[in-house]
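Data block below; observations after.
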Amino acid sequence: MNTRRKFIKNAGLLSAATVLLPQITMATTRNSSYGVQLYSFRDDMLADPMKTLEKIASLGFKEIESAGSSKGYYYGMTPAQMGETCKALGMSLTSGHVHLDDKFEQTMADAVASGQEYLICSSLPSDGQTVDNYKKVAEQFNRAGEACRKHGLKFGYHNHEYEFESENGEVLYDVLMDNTQKDLVHMELDLGWVVIAGKDPLNYFKKYPQRFPLWHLKDMDMHEKVSTEFGKGILDVPLMLEMKELSGLQHIYIEQEEYASTPFDSMMHNMNYLKNL
């Protein structure tokens with residue numbers, strides 16, 4: 001399975017999409033509040049980031065969340081170029097997935113230069129599915145959040161499914177939640193991975209209200225354990241959207257890792273699905 005988790009660990013289409021641009025733009029102009037995680041367009045962003053961003057803008061997206069790539073967090077562009085390109089297309093680069101490592105000081109400086117608001121740690125900085133490790137990671141996250149705040153940034157964490165494993169009856173993600181400061185660590189809940197882990201996002205909204213200002217919104221095929229277009233999987237998207245206030249939601253980034261056809265076809269389907277709710 002070509003999942004984002006594997007990508008993090010292992011750290012034709014364009015011309016066809018061009019034909020569809022007028023229809024896509026007309027179909028999605030009312031979907032003004034949704035963002036997209038650029039991992040959804042990973043191959044296209046590496047091949048031609050500016051042209052791909054143009055096509056993403058035509059789909060109706062208004063916010064961008066970047067991801068790591070073989071060309072860095074900004075796909076070969078400078079941070080300022082990335083931010084300016086998005087702005088020129090009527091979008092905002094509001095968030096980026098990064099690693100919490102020995103280059104984090106430069107990562108923060110680049111985020112400031114790009115004009116983004118959030119830096120989201122995309123995987124645990126240390127291995128170990130134990131309560132002790134998750135408590136240690138929580139301390140690292142609190143310190144990273146303090147450092148980001150000094151730069152005018154907000155730090156957060158994006159989950160996969162493995163954080164919902166347990167040790168001695170304690171859910172490790174809950175350990176992370178209980179030991180991080182709300183004002184320093186802003187959680188980005190990936191709703192798809194939550195359901196794959198056998199948990200209910202609604203229970204987390206209720207247990208930790210206002211703790212999830214960012215979402216990765218994606219539907220999941222539970223049989224294949226892969227992402228799919230909205231309405232084709234297990235996630236109750238309309239119900240999730242009714243819980244925005246309880247969650248404390250500020251930004252929704254749609255992410256899809258696998259496709260029935262192409263990333264652009266899948267995202268056009270997703271945006272039209274949301275428009276018709």
Side-chain angles (χ1 to χ4, degrees), residues 1-9 34-42 61 63-68 94-100 118-125 129 134 137 141 154-165 171-177 180 185-208 210-222 224-241 243-244 246-259 263 266-267 270 274:
M1 178 171 62
N2 182 18
T3 66
R4 188 159 195 278
R5 180 180 174 187
K6 289 184 178 178
F7 178 84
I8 290 168
K9 286 187 174 181
Y34 294 106
V36 68
Q37 163 49 249
L38 289 181
Y39 185 73
S40 303
F41 300 95
R42 51 197 175 274
F61 289 108
E63 294 190 352
I64 294 294
E65 182 176 62
S66 63
T94 48
S95 181
H97 275 205
V98 300
H99 294 296
L100 184 56
Y118 287 92
L119 278 178
I120 304 298
C121 182
S122 57
S123 60
L124 290 180
Q129 291 297 89
Y134 275 68
V137 168
F141 284 176
K154 296 175 183 176
F155 177 82
Y157 181 67
H158 166 273
N159 65 279
H160 293 85
E161 83 282 12
Y162 56 85
E163 294 92 340
F164 296 94
E165 295 174 3
V171 177
L172 297 174
Y173 189 77
D174 295 21
V175 173
L176 204 57
M177 293 296 297
T180 49
V185 183
H186 307 269
M187 290 299 189
E188 179 175 66
L189 197 67
D190 189 308
L191 306 185
W193 286 124
V194 174
V195 298
I196 286 291
K199 305 296 183 181
D200 187 344
L202 295 184
N203 290 338
Y204 277 92
F205 300 155
K206 294 172 184 176
K207 184 175 182 179
Y208 301 104
Q210 305 297 307
R211 286 294 306 270
F212 306 101
L214 306 97
W215 288 1
H216 271 193
L217 184 63
K218 64 171 176 250
D219 209 346
M220 301 296 287
D221 180 330
M222 288 297 286
E224 298 292 335
K225 300 293 192 293
V226 297
S227 56
T228 188
E229 290 79 15
F230 291 160
K232 298 182 180 181
I234 192 174
L235 188 71
D236 189 337
V237 176
L239 179 60
M240 293 298 107
L241 293 174
M243 298 295 110
K244 292 191 292 185
L246 181 62
S247 165
L249 185 67
Q250 299 294 320
H251 303 275
I252 293 177
Y253 302 105
I254 299 171
E255 182 183 43
Q256 191 164 333
E257 299 163 315
E258 296 85 18
Y259 324 100
S266 290
M267 285 301 175
N270 291 337
L274 293 170

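Counting begins at 1 with the first residue of the sequence.
- Atom CD of E255 is separated from atom CD of E257 by 4.5 Å, given to the nearest 0.5 angstrom.
- Here H97 and H99 keep their ring centres 6.0 angstrom or further from each other.
- Counting only heavy atoms from C-beta outward, the side chains of I254 and L274 approach each other to under 4.5 Å.
- How far CG of L249 is from CG of L214: 7.5 Å, rounded to the nearest 0.5 Å.
- Taking the side-chain hydrogen bond (donor to acceptor under 3.5 Å, both in side chains) definition, one finds that S247 meets it with W215, sequence neighbours left out.
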Practice problem: Run the numbers on F212 and M177 for side chain to side chain contact (heavy atoms under 4.5 Å, CB included), then give the verdict. | Solution: CA-CA 11 Å; F212 306 101; M177 293 296 297; 3.7 Å; yes
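- Within the model, atoms OH of Y253 and NE2 of H158 stand 12.0 Å from one another, a figure rounded to the nearest 0.5 Å.
- In this structure, NE2 on H251 lies 6.5 Å from NZ on K154, to the nearest 0.5 angstrom.
- Heavy atoms only, all atoms of each residue included: S40 and P263 are closest at O-CB, 3.5 Å.
- Residues passing the side-chain hydrogen bond (donor to acceptor under 3.5 Å, both in side chains) test with Q129, sequence neighbours excluded: Y134, E165.
- S266 is linked by a side-chain contact (heavy atoms from CB on, under 4.5 Å) to E229, Q256, Y259, counting only residues two or more places apart in sequence or in another chain.
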Practice problem: Start with the C-alpha gap between I196 and K225, add the side-chain angles, then the distance that decides, and say whether side chain to side chain contact (heavy atoms under 4.5 Å, CB included) holds. | Solution: CA-CA 7 Å; I196 286 291; K225 300 293 192 293; 3.5 Å; yes
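- Atoms CD1 and CG, on I120 and L100 in that order, are 12.0 Å from each other to the nearest 0.5 Å.
- Side-chain contact between M187 and Y208: absent, with no pair of heavy atoms (C-beta onward) separated by less than 4.5 Å.
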Quiz prompt | D219 vs N270, side chain to side chain contact (heavy atoms under 4.5 Å, CB included): CA-CA, chis, key distance, verdict | solution = CA-CA 10 Å; D219 209 346; N270 291 337; over 6 Å; no
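- In terms of the side-chain hydrogen bond (donor to acceptor under 3.5 Å, both in side chains) criterion, residue partners of S95 (sequence neighbours excluded) are, by chain and number, E65.
- Here the OG1 atom belonging to T228 is positioned 13.0 Å from the CE atom belonging to M222, to the nearest 0.5 angstrom.
- Of all non-hydrogen atoms in T180 and R211, the two that sit nearest each other are OG1-NH2, 3.1 Å.
- Checking E258 against S227 by side-chain atom types alone, a donor-acceptor pair falls below 3.5 Å.
- Every residue meeting the salt bridge (Lys or Arg N to Asp or Glu O under 4.0 Å) condition with D174, not counting sequence neighbours, appears here in chain and number order: K207.
- Counting only residues at least two apart or in different chains, salt bridge (charged side-chain N to carboxylate O under 4.0 Å, His left out) contacts with residues 186-195 comprise D190-K218.
- Listed here is the closest heavy atom pair of K244 and L241: CG-O, 3.0 Å.
- Taking every heavy atom of both residues into account, G96 and S66 meet most closely at CA-OG, 3.3 Å.
- Side-chain atoms of V137 and Y157, non-hydrogen and from C-beta on, never get closer than 4.5 Å to each other.
- With sequence neighbours excluded, the residues forming a ring-ring contact (aromatic ring centres under 6.0 Å, His included) with F41 are F264, listed by chain and number.
- Looking at residues two or more places apart in sequence or on another chain, you find a side-chain contact (heavy atoms from CB on, under 4.5 Å) between P201 and L189, L191, V194, V195, F205, M240.
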